[in-house]
A.B. asks: 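Once you've had a glance at the structure underneath, I'll fire off some questions.
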Amino acid sequence: MGRVIVIGDVGGFPDQLRAALVAAGARKKDLRLPAELTVIQVGDLVDRGPDSSGVLRIVAGRLDDQPDQWIQLLGNHESQYLPGGDQFFPQRLSKADARLLRSWWDDGRLRVATAVRTADDDDYLLSHAGLTVACWQELGEPVTAAAAARLLDERPEPLLWRGFYTDADGKSGPLWAEAGSELYGEWLDFHATGGFVPFGQIHGHSQIVGFRDRSWRVTGRIRQRATVDWAARHVRLRAGGRVFIGVDPKHGRSGAPSWRPLELDGATVLFSGHQPSGMEQPAPPPRPDDAVTAGASAAAGSVLSTTRERTSGDAEVTVTRGVDRPYDLVLFGATGFTGGLTADYLARHAPDGCRWALAGRDQARLAAVRDRLASAVPGCAELPLLYADSADPASLDALAAAARVVISTVGPYVLHGEPLVAACAAAGTDYVDLTGEPEFIDDMYVRHHAAAVTSGARLVHACGFDSVPHDLGVCLTVGRLPADGPIRVDGHVRAHGSVSGGTLASALLAFSRRRRTAHVARERRALDPRPADRRVRTPLGGLRRVRPESGLKGWAVPLPTVDPQIVGRSAAALARYGPDFAYTHSAVVRRLPVALAALAGAAVLFVLAQCGPVRRWLMRRLPGGQGPSPQQRERNWFSVRFVGEGGGQRVVAEVAGGDPGYGETAKMLAEAALCLAFDPLPQTSGQVTTAVAMGDALTARLVAAGLRFEVEAS
């Protein structure tokens, strides 16, 4: 959390910019920003003012000296000096200034969009002119501001430049959209016809009023819903429960006599930039451990960096994170079924410059995996192979010390998982896995959470179908409901999938260890109590009809999986879930006999798992490392629908995708690891959930990877 100010179009007035920065706390002699302040400038640094070059020099100083505290967005006036932009205004920029703008564009410091979350938990997309309904739909209807910012920062062609030659047709891109006719009007119309407005927006470029004579340039609904701060020169309009804010002070040729930046106290920057594709990318720099929280800067150092963080109990601890290690990602367990699918996904989707490796105890089998990857992606032929064995703690210590993020697919985790978690917790290495084993998760909290908090490691379990769709889906649903009252969310799961040997082994083992699971759960509760001033409940519930509000028909069968526990821990950690939160989790079947048969089958499997010889016989029927064929996985799918209620409002959301247990699970796991390695994220450490550690950033990645996250108000 910190202080964010948003500065509108500067338009060639360095004195106006300097005065605004000093008023915000910048040092007069060199305009150095205070540590807690982040500045977001929404573009049009250059325009009709007397000294556009002077403005560029001010911004260059901050981008060079305090790059983590100045976010510079692209305006249409800068765009005419870039490849793809249209020359439209005879500004007097020198060749050196034009080259400076192009250099910012080339190295990613000149961005198209960013996203922030305010202290009131309102999310905003920031761009120069705003994202119209048509362009939002063209981007694939991203459901979060961070996802939209990420997609815009990939510089989509021709959407980015569109507008100069097209008039106000509602399809102008984020550099050219007109506030009244294309931005506000289109979103109001969209909401009036049943559309859901996903997030608020903050923009420059144009206004719906004339500040000098206090005149209005719009009529009807737009004027009725808009309010103006004439002194600050800000315009606000509410559409579908979201707020749009125009911050262009309209300096013109003479400069505004009075204006102020938009101040967002206690805000967090959710997305701060994207390395342009096609560029040569250096080795990843030291990772900022906050979601570019206002004023935060990346740690500097060779191997370890030390920062001060606050835990949920407000106790300050010293956090040490690895920032310069040989590998960004290491996949441990690539010779298994799901591990192999994860390796396939990383081979195709790891970004250029990502330093990753495969680890395991059998070098010959690892080499076979590498050969298979190289046959499809030749660049994998030189992929490093590292020795690591769950029974050799020294090898795991070396592995953790060499990586920024470790991915583990070696289960059952309760038998094989702890040594690697311990190594990562001690080394300050981020860790992700696929476990759905409640005993393992609770035991790792009891044994290693405190060490991870101290080292700065983020231990994120259940990063596959257990429990990413449910955790992020509930987070998405809750984010659309008022946070000041009770919230109830019901999750309804439908899926067509298959089972691998590893999954079967983990399930049978978990069933056989019910007493140990209950004991570890009690130990965790003693160390990790729920919030004293808020209530969080995840009742199992019983067999019941599906709620009609979900749009589904049939029967809800309670699912005693790890998913409700993960959701409950996110709710306990995040005040956004309200003072009284409840979540129920169930599978949906169409006919009652099928529902009863499912319950009976689960009970029989539970009983059989208590007998060791029978359990081992079942596990031999589907050995580890084996799973469904590509043809079977192609036919598999899942859908999780969430019905959320709170504050007199109801929201229905859905997360859906393909093969849940393997294809999409490998995707979720890999994207979670990439998210930890490369994305600006909230400042967390210890054992945390995906919603707490990654939230919108991981949602954005999964949407871009093909999963559906959809929200509708009802």
Side-chain angles (χ1 to χ4, degrees), residues 68 275 280-290 296-307 309 318-334 339 342-343 346-347 349-360 366 370 379-380 382-390 392-410 419-433 448 451-460 463 669-681 683-686 688 693-694 697:
D68 297 312
Q275 181 71 30
E280 182 179 349
Q281 298 185 12
R287 182 186 70 231
D289 294 313
D290 195 1
S297 59
S302 57
V303 178
L304 298 176
S305 69
T306 300
T307 60
E309 293 183 0
T318 300
V319 171
T320 305
R321 293 194 193 274
V323 295
D324 187 14
R325 299 181 177 183
Y327 305 106
D328 298 309
L329 305 176
V330 174
L331 172 60
F332 181 55
T342 306
L346 287 171
H349 298 286
D352 294 341
C354 176
R355 304 163 300 169
W356 68 290
L358 304 177
L366 283 179
R370 181 174 63 184
C380 291
E382 301 301 320
L383 199 65
L385 305 180
L386 310 179
Y387 170 74
D389 187 346
S390 296
D392 182 357
S395 71
L396 299 181
D397 290 342
L399 172 62
R404 295 172 59 215
V405 182
V406 171
I407 307 169
S408 175
T409 61
V410 178
L420 183 56
V421 174
C424 290
T429 301
D430 292 336
Y431 165 94
V432 294
D433 67 25
H448 304 296
V453 168
T454 300
S455 71
R458 293 172 287 194
L459 310 178
V460 192
C463 289
L669 180 65
E671 289 291 356
L674 292 169
C675 189
L676 288 175
F678 298 115
D679 291 355
L681 297 171
Q683 197 170 46
T684 57
S685 59
V688 287
M694 292 170 270

A.B. asks: Considering non-hydrogen atoms only, spot the tightest contact between Arg355 and Arg404 and give its length.
C.D. replies: NH2-CD, 4.2 Å
A.B. asks: Please name the pair of heavy atoms, one in Phe678 and one in Pro351, separated by the smallest distance, quoted to 0.1 Å.
C.D. replies: CE1-CG, 4.0 Å
A.B. asks: Once you round to the nearest 0.5 Å, how far does CG of Leu674 lie from CG of Asp679?
C.D. replies: 8.5 Å
A.B. asks: State, yes or no, whether a side-chain contact exists between Leu346 and Ile407 at a heavy-atom distance under 4.5 Å.
C.D. replies: yes
A.B. asks: Is the shortest side-chain heavy-atom distance between Val460 and Val688 below 4.5 Å?
C.D. replies: yes
A.B. asks: Can you tell me how far the SG atom of Cys675 sits from the CG atom of Leu681, to the nearest 0.5 Å?
C.D. replies: 4.5 Å
A.B. asks: If every non-hydrogen atom of Leu358 is compared with every non-hydrogen atom of Ala334, which pair is closest and at what distance?
C.D. replies: CD2-CB, 3.9 Å
A.B. asks: Do you know the tightest heavy-atom contact between Arg458 and Asp430?
C.D. replies: NH2-OD2, 2.8 Å
A.B. asks: Could you report the tightest heavy-atom contact between Arg370 and Cys380, atom names first, then the distance?
C.D. replies: CG-O, 3.3 Å
A.B. asks: Which atom names give the shortest non-hydrogen contact between Leu366 and Gly360, and what distance separates them?
C.D. replies: CD1-N, 3.4 Å
A.B. asks: Just so I know, are the side chains of Leu399 and Leu420 near enough to count as touching, which here means a heavy-atom distance under 4.5 Å?
C.D. replies: yes
A.B. asks: Just by modelled atom types, is the Ala400 backbone N or O under 3.5 Å from a matching donor or acceptor in the Thr429 side chain?
C.D. replies: yes
A.B. asks: Could you state the interatomic distance from CG (Leu396) to CZ (Phe332), rounded to the nearest 0.5 Å?
C.D. replies: 5.5 Å
A.B. asks: Return yes if some donor-acceptor pair links the side-chain N/O of Ser395 with the main-chain N/O of Tyr387 below 3.5 Å, else return no.
C.D. replies: no
A.B. asks: Hey, could you give me the OH/CG distance between Tyr431 and Leu676, rounded to the nearest 0.5 Å?
C.D. replies: 12.5 Å
